[in-house]
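Each remark here refers to the structure printed beneath this line.
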Amino acid sequence: MSLLTAGATKIFQDCFEDHRTLLTETETSCAEPLMRLADLCVEALRSGGKLLLFGNGGSAADAQHLSAELTVRFVRHRRALAAMALTTDTSALTACANDYGFETVFARQIEALGRPGDIAIGFSTSGQSPNVICALEAARKTGIAAAAFAGNSGGALTGIADPLIVVPSTVTARIQEMHILLCHVLCAEIEERLGII
């Protein structure tokens with residue numbers, strides 16, 4: 001007798017089938033905006049700029065993951081690259097949420113830490129996260145490029161983030177799976193284009 005029940009086997013198969021289908025759709029729809037983001041990141045990093053990354057929940061984890069791949073290493077042993085997740089300073093996050101509201105927790109840090117030549121990169125599977133939208137709007141007002149990873153149709157991030165990398169799905173788990181793959185492709189592009197060791 002199998003250790004998996006018939007129901008678990010169907011869930012397993014369905015998850016992999018959904019992932020395979022979405023992988024092909026994502027490859028087609030996200031290549032152009034992801035390459036534009038890679039161009040912007042390389043230009044910013046070559047010019048002394050930094051990447052400011054943020055999101056909520058699993059998207060916060062994606063922001064931190066991407067930041068770590070860049071500041072430490074992805075594949076190559078090379079110099080550190082300037083990337084910062086705005087999701088990790090609990091004192092700043094809680095003070096800002098308490099004093100100004102949760103929708104400002106990333107925007108306030110963009111105002112404090114961002115400079116023209118930097119890139120703000122938000123993550124929102126729905127495209128509707130108020131604090132991600134607010135942060136990208138703050139970035140644009142400061143002269144910082146505003147980009148994002150989203151799902152669904154891009155939601156309210158459409159017209160705010162450019163480039164906007166939209167995974168064509170409404171299923172949060174599948175969107176997150178594609179986001180991390182796209183982040184790894186972005187890291188590989190950055191390392192290759194910078195040619196750094």
Side-chain angles (χ1 to χ4, degrees), residues 30 33-74 80-93 96-97 102-151 154-155 157 160-167 172 175-191 193-194:
C30 294
L34 189 71
M35 292 307 102
R36 284 198 299 120
L37 180 57
D39 291 341
L40 289 173
C41 290
V42 168
E43 181 182 337
L45 293 167
R46 276 191 179 135
S47 302
K50 62 188 169 298
L51 312 184
L52 300 168
L53 311 154
F54 46 92
N56 299 287
S59 294
D62 288 344
Q64 291 166 213
H65 184 143
L66 180 54
S67 177
E69 300 284 27
L70 295 170
T71 58
V72 181
R73 76 175 182 102
F74 178 57
L81 299 173
M84 175 185 299
L86 304 183
T87 54
T88 60
D89 185 340
T90 55
S91 294
L93 291 168
C96 191
F102 194 69
E103 66 280 356
T104 68
V105 295
F106 304 131
R108 192 74 173 168
Q109 293 181 80
I110 293 280
E111 291 171 19
L113 303 170
R115 299 291 177 267
D118 293 343
I119 302 176
I121 303 174
F123 290 81
S124 173
T125 56
S126 68
Q128 300 293 111
S129 302
N131 56 8
V132 172
I133 293 164
C134 188
L136 292 174
E137 288 172 338
R140 289 169 55 128
K141 287 177 189 169
T142 313
I144 297 170
F149 289 84
L157 293 174
I160 297 171
D162 185 28
L164 176 59
I165 296 116
V166 181
V167 173
T172 300
I175 295 166
Q176 290 172 329
E177 290 161 8
M178 294 302 112
H179 280 180
I180 205 62
L181 173 60
L182 291 165
C183 285
H184 283 162
V185 173
L186 180 61
C187 289
E189 288 285 344
I190 290 169
E191 285 192 344
R193 295 182 194 196
L194 287 175

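- Nearest heavy atom pair, residue Thr87 against residue Gly55, reads CG2-O, 3.4 Å.
- Closest approach of Gly114 and Leu52 over heavy atoms only: CA-CD1, 3.7 Å.
- When all heavy atoms of Ala63 and Leu53 are compared, the closest pair comes out as O-CD1, 3.6 Å.
- Using a 4.5 Å cut-off on side-chain heavy atoms (C-beta onward), Leu66 and Phe123 make contact.
- The salt bridge (charged side-chain N to carboxylate O under 4.0 Å, His left out) test applied to Arg36 returns Glu32, Asp162, not counting sequence neighbours.
- Sorted by first and then second residue, the salt bridge (Lys or Arg N to Asp or Glu O under 4.0 Å) pairs with a member in residues 43-71 read Lys50-Asp118; sequence neighbours excluded.
- Note on residues 38-71: pairs passing ring pair (Phe, Tyr, Trp, His ring centres under 6.0 Å), not counting sequence neighbours, are Phe54-Phe106, His65-His184.
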field: Working for side-chain contact (heavy atoms from CB on, under 4.5 Å), residues Leu34 and Phe149
entry: CA-CA 9 Å; Leu34 189 71; Phe149 289 84; 4.0 Å; yes

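- Of the inter-residue distances, the one linking Thr104 atom OG1 with Ile110 atom CD1 reads 12.0 Å to the nearest 0.5 angstrom.
- Side-chain contact between Ser59 and Thr125 is present, with heavy atoms from C-beta onward closer than 4.5 Å.
- Between the side chains of Thr88 and Gln64, no donor-acceptor pair of N or O atoms lies under 3.5 Å.
- Using a 4.5 Å cut-off on side-chain heavy atoms (C-beta onward), Leu81 and Leu194 make contact.
- Looking only at side-chain heavy atoms (C-beta outward), Val185 and Cys30 stay at 4.5 Å or farther from each other.
- Residues that satisfy the side chain to side chain contact (heavy atoms under 4.5 Å, CB included) test with Asp39, not counting sequence neighbours, are Arg193.
- Counting heavy atoms from C-beta outward, Cys187 and Leu70 have side chains that approach closer than 4.5 Å.
- In this structure, CG on Leu51 lies 8.0 Å from CG on Leu186, to the nearest 0.5 angstrom.
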N/O donor-acceptor pairs under 3.5 Å from side chains in residues 133-142, not counting sequence neighbours:
unit_1, atom_1, unit_2, atom_2, d
Arg140, NH1, Gly159, O, 3.2
Arg140, NH1, Ile160, O, 2.8
Thr142, OG1, Ala138, O, 2.7

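- The shortest non-hydrogen separation linking Ala38 to Glu189 is CB-CB, 4.0 Å.
- Between the side chain of Gln109 and the backbone N or O of Leu86, at least one donor-acceptor pair lies under 3.5 Å.
- Looking at Ser67, its side chain does come within 3.5 Å of a backbone N or O of Ala83 through a donor-acceptor pair.
- Taking the side chain to side chain contact (heavy atoms under 4.5 Å, CB included) definition, one finds that Val166 meets it with Leu164, sequence neighbours left out.
- From Ser126, atom OG reaches atom CD1 of Ile175 across 8.0 Å, with rounding to the nearest 0.5 Å.
- For Gly49 against Ala82, the heavy-atom pair with the smallest separation is O-CB, 3.8 Å.
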